[in-house]
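So the structure is just underneath, and the comments pick up after that.
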Amino acid sequence: IHGADDAVVHLVLKPPVVSRREVFARRVICRDHPEPGSITVLLFTPSDLAPPVEAGSVRGVVRAGNVIARPKKGNPKSCEVTMFWQAEFGLPGWLQNRVMNMMLLRMFTAMMGEHKKKGAAGS
């Protein structure tokens, strides 16, 4: 929407036993916030963002997502992560929690891959 740090992402979740879920969300990355070296990621689903849901899928909504990664003092290759999520995927609570944990792991893995690529390109 407004550059690489402000983009629309399409997340597809394939939980066991139930039909796939898809989410369109706006992802905003705030660098050096709340302190130098930190990265804050905001994620939410605006009401006017998504195209019609695909056949066989259920539309999920991220009402609020906030992840803050802060570098650990004394260990620049490590960080502390704080997360808050409010989302609805039309699943029972226990399954939604499991799906969110899997999704967050995949999302962080993808973000770390992008971070490493940018670091290698800047070297």
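What you see below is based on every heavy atom in this structure, not just the backbone, and it leaves out hydrogens, waters and symmetry mates.
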Show your reasoning for whether side-chain contact (heavy atoms from CB on, under 4.5 Å) applies to V8 and R27.
CA-CA 6 Å; V8 174; R27 184 214 60 213; over 6 Å; no
Which residue pairs pass the ring pair (Phe, Tyr, Trp, His ring centres under 6.0 Å) test with at least one member in residues 51-79, sequence neighbours excluded?
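Ring pair (Phe, Tyr, Trp, His ring centres under 6.0 Å) check on residues 51-79 returns no pairs.
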Restricting to pairs with a member in residues 3-23, which pass ring pair (Phe, Tyr, Trp, His ring centres under 6.0 Å), not counting sequence neighbours?
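Non-adjacent pairs meeting ring pair (Phe, Tyr, Trp, His ring centres under 6.0 Å): H10-F24.
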Can you check whether S19's main-chain N or O pairs, donor with acceptor, with R21's side chain at less than 3.5 Å?
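Checked: pair present.
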Looking only at atom types and distance, does a side-chain atom of E35 sit under 3.5 Å from a main-chain N or O of P71, one as donor and one as acceptor?
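Such a contact is absent between E35 side chain and P71 backbone.
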Apply the test side-chain contact (heavy atoms from CB on, under 4.5 Å) to residues L43 and V9: give CA-CA distance (whole Å), side-chain angles for both, the deciding distance (0.1 Å), then the verdict.
CA-CA 9 Å; L43 193 68; V9 294; 3.9 Å; yes
Using the rule that two of Ile, Leu, Val, Met, Phe, Trp, Tyr join whenever any of their side-chain heavy atoms come within less than 4.5 Å, decide whether [X] and [Y] are in one cluster.
X   : Y   : value
I39 : W85 : yes
F44 : V12 : no
V81 : V62 : yes
V28 : F84 : no

Sorted by first residue and then second, give each side-chain hydrogen bond (donor to acceptor under 3.5 Å, both in side chains) pair with at least one member in residues 64-74; sequence neighbours left out.
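Those involving residues 64-74 do not exist here.
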Is [Y] close to [X] at the side-chain level, that is, under 4.5 Å between some pair of heavy atoms?
X   : Y   : result
T40 : I29 : no
D32 : S38 : no
L11 : E22 : no
V23 : V61 : no

Rounded at 0.5 Å granularity, tell me how far CD1 in I68 sits from CE in M83.
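Here the interatomic distance stands at 11.5 Å.
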Separation of T45 OG1 from R26 CZ (nearest 0.5 Å)
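It comes to 12.0 Å.
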Charged N to carboxylate O under 4.0 angstrom, E88 versus R63?
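Result for this pair is no, no salt bridge flagged.
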